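Quick note: numbers below take in every heavy atom, side chains included, and nothing from hydrogens, waters or symmetry partners. Just so we're on the same page: letters track the sequence lines, and every chain starts at 1. Quantities reported herein were computed from a predicted structural model and do not represent experimental measurements.
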There are 2 protein chains.
Amino acid sequence: MYRIGELATACEVTADTLRFYEKNGLFSPSSRSDKGYRLYTEEDARHLKFILRAKAMGFSLTEIRELLNIEASRSDWACADVKGMVEAKAAELQRKIDEMTRLRDSLQELADACCGGPESAIHCSILDTLETK
Amino acid sequence: MYRIGELATACEVTADTLRFYEKNGLFSPSSRSDKGYRLYTEEDARHLKFILRAKAMGFSLTEIRELLNIEASRSDWACADVKGMVEAKAAELQRKIDEMTRLRDSLQELADACCGGPESAIHCSILDTLETK
DNA sequence: ATAAACCTTGGAGTTAGGTCTAAGGTCAAA
DNA sequence: TTTGACCTTAGACCTAACTCCAAGGTTTAT
């Protein structure tokens with residue numbers, strides 16, 4: 001059995017984060033000590049690792065709660081449900097990537113047009129563009 | 001002279017947003033009516049458009065405040081200062097794009113390995129991977 | 001003249017995901 | 001036995017960029 005600080009250290013998060021996840025219904029300890037300390041099992045640790053992996057994959061805590069529901073009763077769901085969630089997330093990321101790529105290109109264009117020298121910015125093409133485009 | 005609602009509508013933001021920008025030192029009306037209404041000039045409108053363009057380029061309001069400071073006294077700055085800001089922002093965006101691309105690839109890999117069928121998710125490879133990777 | 005549409009202020013609420021504090025209880029080592 | 005590290009709770013605070021609300025004053029249209 002791990003206490004909260006041990007599990008937190010082992011998984012490289014803070015104890016506060018674990019309490020936060022608990023308060024938000026993602027993850028609770030299997031038991032408490034007689035004095036009220038949270039006690040986590042290996043099973044709990046795997047559960048937390050699932051959460052952290054999903055988070056690293058870019059899922060929000062709300063989405064992770066859904067994944068946990070599915071995980072908790074797999075037989076109630078179809079593979080298509082799970083695959084759908086993952087593909088929707090990938091598509092969402094793609095949309096963000098596309099938008100950020102456009103922004104980056106605009107910025108690069110702006111930068112490329114600027115002399116970048118030590119001269120005063122009185123005639124700076126970047127500022128001119130932002131002013132009047 | 002525009003009143004706040006007129007300028008807001010013209011620039012497709014809300015009056016609340018303009019008051020918010022004012023409270024945060026980005027943008028103030030040139031004058032007030034005798035009853036206290038904000039009155040904006042064409043010059044003010046250009047100023048706001050500068051802000052909105054910079055925002056569309058991905059700059060935060062804090063960064064926009066810096067740009068506005070530079071813009072307000074161009075001769076105190078060098079082109080290199082401005083170009084530096086823009087290039088730093090482009091690089092920051094690139095880092096985020098790279099990270100999101102890695103995430104998207106991981107998700108796509110996860111999805112590709114899943115049958116995606118109507119069968120129960122008991123043996124779903126996605127959930128298995130999240131559990132044990 | 002009066003209703004609708006606009007404006008004012010200060011301040012609270014929102015979202016996401018934590019992070020920190022206060023006031024106190026517990027446990028292990030020296 | 002006392003110090004220090006750990007744990008408990010409730011609840012406040014943080015960032016960013018708004019968004020909404022209440023309570024009131026103004027302007028405009030009919």
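Distance, B:Glu6 CD to D:dT27 P: 13 Å, rounded to whole Å. The interatomic distance linking A:Tyr40 (OH) with D:dT8 (C1') rounds to 12 Å, in whole Å. For the pair B:Tyr37 OH and C:dA5 C1', the interatomic distance rounds to 10 Å; values are reported in whole Å. Atom CG in B:Leu48 sits roughly 15 Å away from atom C1' in D:dC18 (whole-Å rounding). The nearest whole Å value for the distance from the CD1 atom in A:Ile4 to the P atom in C:dC27 is 16 Å. We find that CZ of B:Phe20 is positioned 13 Å from C1' of C:dT14, with the value rounded to whole Å.
Comparing A:Arg3 and B:Asp16 by the nucleotide of DNA chain D that holds the closest heavy atom to each, the one mapping nearer the 5' end is A:Arg3.
Taking only side-chain nitrogens and oxygens, A:Thr17 comes nearer than 4.0 Å to OP1 or OP2 of C:dT19.
A donor and an acceptor atom never sit less than 3.5 Å apart when one is taken from the side chain of A:Tyr21 and the other from the base of C:dG17.
Looking at A:Arg95 and A:Glu92, their side chains come closer than 4.5 Å, going by heavy atoms from C-beta outward.
In this structure, B:Arg19 reaches the bases: a heavy-atom distance under 4.0 Å links it to at least one base atom across the strands shown.
Under the ring-ring contact (aromatic ring centres under 6.0 Å, His included) rule, B:Phe27 has a single partner from B:Phe50, B:Tyr40, B:Tyr21, which is B:Tyr40.
Sorted by first and then second residue, the salt bridge (Lys or Arg N to Asp or Glu O under 4.0 Å) pairs with a member in residues 109-121 of chain A form an empty list; sequence neighbours excluded.
In the region residues 22-36 of chain B, proximity to DNA chain D at under 4.0 angstrom, judged on heavy atoms, holds for B:Lys35. A heavy atom closer than 4.0 Å to some atom of DNA chain C occurs in no member of residues 96-106 of chain B.
Side-chain proximity of B:Arg38 to the nucleotides D:dC7, C:dT9, C:dG17 is greatest for C:dT9.
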